[in-house]
Amino acid sequence: MKWKAIIGMIAVLSVLSCNRQKNVTPDYVLSESQMIDIMTDVQIIEADINNRRTKGLGTDSISIIFYDQLFEHYGITDSIFDLNLKYYTYNPTVLENIMDSVTNRLLKAQMESRKDDSQ
């Protein structure tokens, strides 16, 4: 009798776990490609802000302007951006791939810039 109850519970749990949708991506999530584009621009903005800060220039208002332009350019809001950062933070392997791509883009742009400067 005990075995029938255990087998019944296992069957129910199996059915429930099969019916559960796995890897459902929320509607607000931007593609990895979009995140690479956005995060590349974020890194450029942050570098500019840090450069201005180092030179003693005001950064508060310029930071708001840069980010407002970024969000407008990509057709998102700061809330959507924050939600995406949280989503990808909970998917560290994907986030690592995104950030590796961002780093590679920035390094490539830096190398091209140096090449252009030397000509």
Side-chain angles (χ1 to χ4, degrees):
M1 197 64 144
K2 221 179 195 185
W3 286 106
K4 287 183 181 179
I6 292 172
I7 292 173
M9 287 208 29
I10 291 172
V12 169
L13 289 173
S14 295
V15 169
L16 289 176
S17 67
C18 289
N19 287 337
R20 205 179 330 159
Q21 293 181 352
K22 294 184 180 182
N23 297 327
V24 175
T25 304
D27 291 339
Y28 63 82
V29 174
L30 301 168
S31 70
E32 290 178 44
S33 175
Q34 289 171 306
M35 282 301 288
I36 292 167
D37 291 343
I38 293 168
M39 292 304 295
T40 300
D41 288 346
V42 164
Q43 293 301 315
I44 293 168
I45 289 170
E46 288 299 317
D48 190 16
I49 290 169
N50 287 332
N51 186 36
R52 289 170 186 269
R53 190 174 292 128
T54 301
K55 293 179 179 179
L57 303 173
T59 58
D60 292 339
S61 60
I62 199 75
S63 170
I64 293 168
I65 292 168
F66 284 166
Y67 278 102
D68 284 348
Q69 289 175 348
L70 173 86
F71 299 142
E72 184 179 332
H73 175 76
Y74 289 103
I76 62 172
T77 62
D78 58 339
S79 299
I80 294 295
F81 178 69
D82 289 342
L83 285 170
N84 275 273
L85 284 179
K86 287 177 187 169
Y87 174 82
Y88 282 109
T89 299
Y90 288 109
N91 296 282
T93 303
V94 178
L95 181 59
E96 184 176 357
N97 291 338
I98 289 170
M99 295 312 294
D100 286 346
S101 295
V102 168
T103 301
N104 290 335
R105 272 193 190 179
L106 292 171
L107 289 172
K108 183 178 177 183
Q110 184 180 32
M111 288 171 44
E112 288 173 1
S113 174
R114 287 182 180 165
K115 190 186 302 180
D116 290 343
D117 289 344
S118 67
Q119 293 178 359

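Values reported hereafter were calculated over all heavy atoms of this structure, with side chains retained and with hydrogens, waters and symmetry mates removed. Just so it is clear, the structure is predicted and the values come from calculations on it, not from any experiment.
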Student check: side-chain heavy atoms of I65 and D68 closer than 4.5 Å: no
Sequence-distant partners of R52, salt bridge (Lys or Arg N to Asp or Glu O under 4.0 Å), two or more places apart: D48
Contact check, side chains of L85 and L95, non-hydrogen atoms, under 4.5 Å: no
Donor-acceptor contact present, side-chain T40 to main-chain I36, <3.5 Å: yes
With sequence neighbours excluded, residues passing side-chain contact (heavy atoms from CB on, under 4.5 Å) with K86: none
Nearest heavy-atom neighbours spanning Y88 and E32: OH-N, 3.6 Å
Distance (rounded to the nearest 0.5 Å) between S101 OG and L106 CG: 11.0 Å
Non-hydrogen side-chain atoms of F71 and I76 separated by less than 4.5 Å: yes
Stepwise side-chain contact (heavy atoms from CB on, under 4.5 Å) check, T25 with Y87: CA-CA 9 Å; T25 304; Y87 174 82; 3.7 Å; yes
Note, R53 side chain near I49 side chain (heavy atom, < 4.5 Å): yes
Y67 vs I45 side-chain heavy atoms within contact, under 4.5 Å: yes
Working for side-chain contact (heavy atoms from CB on, under 4.5 Å), residues F81 and V42: CA-CA 11 Å; F81 178 69; V42 164; 3.9 Å; yes
A47 backbone acceptor or donor facing N51 side chain under 3.5 Å: no
Qualifying salt bridge (Lys or Arg N to Asp or Glu O under 4.0 Å) pairs, either residue in residues 35-45, two or more places apart: D37-R105
